[in-house]
Amino acid sequence: MSKGITKRSDDYSQWYLDVVLKAEMADYSPVRGCMVIRPTGYGIWEKIQQQLDRMFKETGHVNAYFPMFIPESFLQKEAEHVEGFAPECAMVTHGGGKKLEEPLAIRPTSETIIWSTYKNWISSHRDLPLLINQWANVCRWEMRTRLFLRTTEFLWQEGHTAHATHEEAEEETFKMVNVYRDFAENYMAMPVLVGRKTEAEKFAGAEHTYCIEAMMQDGKALQAGTSHHLGQKFAQAFDVKFQDKDGELKYVQASSWGVSTRLVGGMVMTHSDDNGLVVPPRLAPTPVVFVPIYRKDEERALVLEKAEALAAGWDKLFYKIDDRDQYKPGYKFAEWELKGIPVRIEIGPRDVASDSVVVVRRDTGEKESVSAEALHGHVETLLENMQADMFARAKKRMEENTFTVDSYEEYKERVADGGFYRVFLDHANPEVEQQMQEDTRSTIRCIPFDAPEESGPCMITGAPCSYRVVAAQSY
RNA sequence: CGGGGUGUAGCGCAGUCCGGUCUAGCGCGCCUGGUUCGGGACCAGGAGGUCGGAGGUUCAAAUCCUCUCACCCCGACCA
């Protein structure tokens, strides 16, 4: 069927690369670890941006833009932050033909430049909360990269908020991880686990980190979004204080939260199949493609005219008519499948004669004949159903691959096969997680918010635990 | 940075072990013309290559030697 896509069952990571490259989502760049995002991939990122941007604004945030160059000294102001990011920073040492007095880091994240600026913007409780987001590129010099999932430069959004109290910052941190959950589930059709990161996994410079974790088709976890309560760490590092109602000077409380182009990779690994990309309708830049079928010029004219008529009333961006003459219909079918267009409408002379069309859904491949009259309603319902079905399938898969395990021996045997493991682990003790990582290359993905109270012994040390955490191998 | 692999036309590959038949070939794609068109059409003609790079051995190198670069996969770091 599909030309040159490795089967998932043969080699999952090669399959992923094949899909991304063959569907023309991205290309390698001349620089190691960087990628060119092609229109098919960028269009999906744009849909992600549009919807998230709306959700951020609906929750009271505004966009701004901070520069990508950060004085090296800024990064050093917060101890944990430096330690976490220094090794992966790209540094600019020259400019204008001269060595710079102070090297500039290309932002790996913007906390430092933003808090150095917030210092000037905040003086009173009346300036709070400050709720700003930015869409930007960032750069992290990773040892090993993978298209979309981890690249040296990537695109993301980063929200940076300032609050008067710890509680308000907490409310914000929690609210935003739930925005991410809402987005992942309802737009990406990607079920996620929502919870808190362990000390070992949290953001460098956060008090605590909340996250959404998704499960890919091979059972590995993907951190899909994070929201951090930064407490007063950055406010102290950059001396950001405000005068409160009570007249006292206090350090501001902060949060930051982000998702990146990694989501595009997560979408691929959640929904796509051996025939190529499968895009959930709500992330499809163009959800519908008409493939005309004709033999002679008269038929071509007839069929295209009918397609135009059928599409009348639909937003121009909602559909496209593939009137390329140099390809046969079968070729076009295969190509649009590879590129993941959710709904294909086949229309030929026979359909025109019967005043109907053939409608095919990408996720299941099901075909049905639909009367012209019913087409709009049918397609709109179909897209909604696909969206729901894709989520349901992914959710079922996640549930079926989430296991409850009590013995470390059993865990060690099974975790490499993929899946989420609900286990008792003394995560407060960092050595426990470290040992597990050494033994199994797996980590605690999160402490789910909805973990029921349950008591049992840590599977490694036997220490008493009062709930289970979720551990898995991850990307 | 370790371990494995691959670099030959836009893509996928053969040729490399055992140097000469390679003036480098095949499939797909591309260009021209015609016939086709309901699941990746067919025929005919054509364009396209510093064989990853540098150095060496040789009468002769895609092929042997040395060095080097890039990319992919698997680990250690991470959204």
Side-chain angles (χ1 to χ4, degrees), chain A residues 1-6 11-18 21-22 24 27-35 83-89 108-109 137-158 180 197 200-204 209 211-214 221-228 256-266 275-276 291-297 299-300 303 324-338 344-354 357-358 360 365 367 369 416 437-438 441 443 473-475:
Chain A
M1 290 290 282
S2 50
K3 271 188 186 166
I5 295 186
T6 305
D11 184 343
Y12 189 80
S13 68
Q14 189 59 48
W15 163 81
Y16 171 77
L17 289 170
D18 285 349
L21 294 169
K22 300 265 159 71
E24 299 182 347
D27 249 344
Y28 289 108
S29 89
V31 178
R32 171 196 179 73
C34 294
M35 68 171 171
E83 200 188 325
F85 285 105
E88 55 191 65
C89 269
T109 178
N137 59 341
V138 287
C139 189
R140 296 183 188 176
W141 218 265
E142 301 288 352
M143 294 180 186
R144 195 174 149 214
T145 57
R146 228 184 235 276
L147 296 174
F148 286 111
L149 298 177
R150 184 176 302 104
T151 48
T152 301
E153 180 195 7
F154 57 95
L155 306 183
W156 78 346
Q157 60 64 219
E158 45 182 328
Y180 290 151
K197 283 289 186 192
E201 294 280 315
K202 75 170 192 189
F203 175 73
T209 290
C211 65
I212 55 172
E213 291 280 325
L222 182 77
Q223 178 170 310
T226 47
S227 183
H228 318 290
S256 72
W257 28 272
V259 298
S260 71
T261 34
R262 170 179 270 193
L263 288 179
V264 177
N275 290 326
V291 176
I293 296 153
Y294 49 83
R295 252 174 296 242
K296 308 170 206 109
D297 284 349
E299 281 181 354
R300 181 183 144 89
V303 164
R324 292 174 300 172
D325 220 7
Q326 66 270 38
Y327 297 115
K328 289 178 61 183
Y331 180 93
K332 294 177 182 176
F333 296 167
E335 177 172 326
W336 294 122
E337 268 166 27
L338 174 62
R344 179 173 79 240
I345 299 176
E346 305 176 4
I347 175 167
R350 295 207 299 265
D351 303 297
V352 176
S354 66
V357 290
V358 172
V360 188
K367 285 189 180 193
S369 186
Q437 188 163 6
E438 280 164 20
R441 302 190 349 247
T443 47
Q473 289 196 342
S474 68
Y475 277 97

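Numbers restart at 1 for each chain; the letters A, B, ... are given by sequence-line order, proteins then strands.
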Please work out if [X] contacts a base, only the sugar-phosphate, or nothing of the nucleic acid, heavy-atom cut-off 4.0 Å.
X	result
A/Gln223	sugar-phosphate
A/Pro87	nothing
A/Asp351	base
A/Ser13	sugar-phosphate
A/Tyr327	sugar-phosphate
A/Lys197	nothing
A/Thr151	base
A/Val358	base
A/Leu17	sugar-phosphate

For A/Thr261 against A/Phe148, the heavy-atom pair lying closest together | O-CD2, 3.6 Å

For [X] and [N], give me the distance from atom [atom1] to atom [atom2], rounded to whole Å.
X	N	atom1	atom2	value
A/Asp325	B/G34	CG	P	13 Å
A/Leu21	B/C73	CG	C1'	14 Å
A/Trp257	B/A79	CH2	C1'	16 Å

Ring centres under 6.0 angstrom apart (A/Tyr327, A/Phe333) | no

Output yes when at least one side-chain N/O atom of A/Arg32 is less than 4.0 Å from OP1 or OP2 of B/A70, else no.
-> no

Return the nearest nucleotide to the side chain of [X]; candidates are [options].
X	options	answer
A/Tyr28	B/C71, B/C77, B/C78	B/C71
A/Gln437	B/C77, B/G38, B/G39	B/C77
A/Val360	B/A41, B/G40, B/G39	B/G39
A/Met143	B/C77, B/A79, B/C37	B/C77
A/Arg344	B/C78, B/G39, B/A76	B/G39
A/Ile293	B/C72, B/G40, B/C37	B/C37
A/Tyr294	B/A79, B/C77, B/C37	B/C37
A/Arg140	B/G39, B/A76, B/A79	B/A79
A/Lys328	B/C72, B/C37, B/A79	B/C37
A/Phe333	B/G39, B/C73, B/C78	B/G39

For the residue pair A/His228 and A/Phe203, categorise the inter-ring angle as parallel (less than 30°), tilted (30 to 60°) or perpendicular (more than 60°).
-> parallel

With under 30° as parallel and over 60° as perpendicular, where do the rings of A/Phe154 and A/Trp156 fit, or are they tilted in between?
-> perpendicular

Mark this stacking check for A/Phe154 against B/A79 as yes or no, applying ring centres under 5.5 Å and ring planes under 30°.
-> yes

